[in-house]
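A quick note: this is a predicted structure, and the numbers were derived from the prediction, not measured.
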Amino acid sequence: MALHQKDSFFEQVYQLVRQIPEGRVTSYGAIARALGTAGSSRVVGYAMRAANRAYPPIPAHRVVNRVGMLSGKRAFGSSTLMQQLLENEGVAVVDDRVVDFDRVFWDPQRDNVP
DNA sequence: GTGGTGACGTATA
DNA sequence: GTATACGCCACCA
């Protein structure tokens with residue numbers, strides 16, 4: 001099979017993150033779990049860090065940690081860019097943290113499960 | 001081939 | 001409730 005498209009864990013993470021609806025956010029653990037690698041939350045975070053080099057671009061700003069904190073804001077180059085993107089989609093962010101995280105939280109499994 | 005690292009998460013003290 | 005340690009797995013040098 002053509003390995004042109006790496007079906008590595010990264011690609012799976014990217015595709016899942018791309019399915020995140022606008023105005024919604026999810027957590028690394030949720031993604032990892034949806035992929036069947038619950039304990040690999042770190043790998044998901046690492047994938048997001050490399051998301052900048054992935055194409056098409058990944059809405060990494062919709063992925064935050066378990067507490068809704070913009071842990072990866074530094075990867076955007078500007079600590080405020082991630083927040084601006086989220087607010088632009090209707091997600092309130094205060095003190096680098098998503099407001100009403102539980103409300104805007106999007107569970108990937110929920111979308112996967114019919 | 002080996003080692004180190006990491007945008008996390010959970011467990012234990 | 002806070003602090004610390006460990007685990008987990010894939011990419012990069």
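Nearest nucleotide to the side chain of Ser40(A), out of dG7(C), dC9(C), dC11(C): dC9(C).
In this structure, OH on Tyr28(A) lies 7.5 Å from CE on Met48(A), to the nearest 0.5 angstrom.
Within the shown strands, nothing qualifies as a pairing partner of dC8(C) under the Watson-Crick or G-U definition with both distances less than 3.5 Å. Remark: dG1(B) base-pairs with no nucleotide; criterion is Watson-Crick or G-U wobble with both hydrogen-bond distances under 3.5 Å.
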Q) Do Arg103(A) and Asp100(A) pass the salt bridge (Lys or Arg N to Asp or Glu O under 4.0 Å) test, and can you show the C-alpha distance, the side-chain angles, and the key distance before you say yes or no? A) CA-CA 5 Å; Arg103(A) 193 171 64 151; Asp100(A) 293 329; 3.5 Å; yes
Q: Determine, step by step, whether Ile58(A) and Arg18(A) satisfy the side-chain contact (heavy atoms from CB on, under 4.5 Å) criterion, reporting the C-alpha distance in whole Å, the side-chain angles of both residues, the deciding distance to 0.1 Å, and the verdict.
A: CA-CA 6 Å; Ile58(A) 313 296; Arg18(A) 270 188 257 148; 3.6 Å; yes
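Although no hydrogens or angles enter the test, the distance criterion places no donor-acceptor pair under 3.5 Å between the side chain of Arg97(A) and the main chain of Met69(A).
In this structure, Met48(A) places its CE atom 16 Å from C1' of dC9(C), rounding to the nearest Å. Straight-line distance from the CZ atom of Arg42(A) to the P atom of dC6(C): 12 Å, rounded to whole Å. The interatomic distance linking Arg53(A) (CZ) with dC11(C) (C1') rounds to 9 Å, in whole Å. Going from atom CZ of Arg49(A) over to atom P of dA10(C) covers 18 Å, rounded to whole Å.
You can see that DNA chain B meets the heavy atoms of chain A within a 4.0 Å-exclusive cut from dG6(B) to dT10(B), reading 5' to 3'.
A salt bridge does not link Arg24(A) with Glu89(A): none of the charged nitrogens is closer than 4.0 Å to a carboxylate oxygen.
Of all heavy-atom pairs between Phe101(A) and Val64(A), the closest is CE1-CG2, 3.2 Å.
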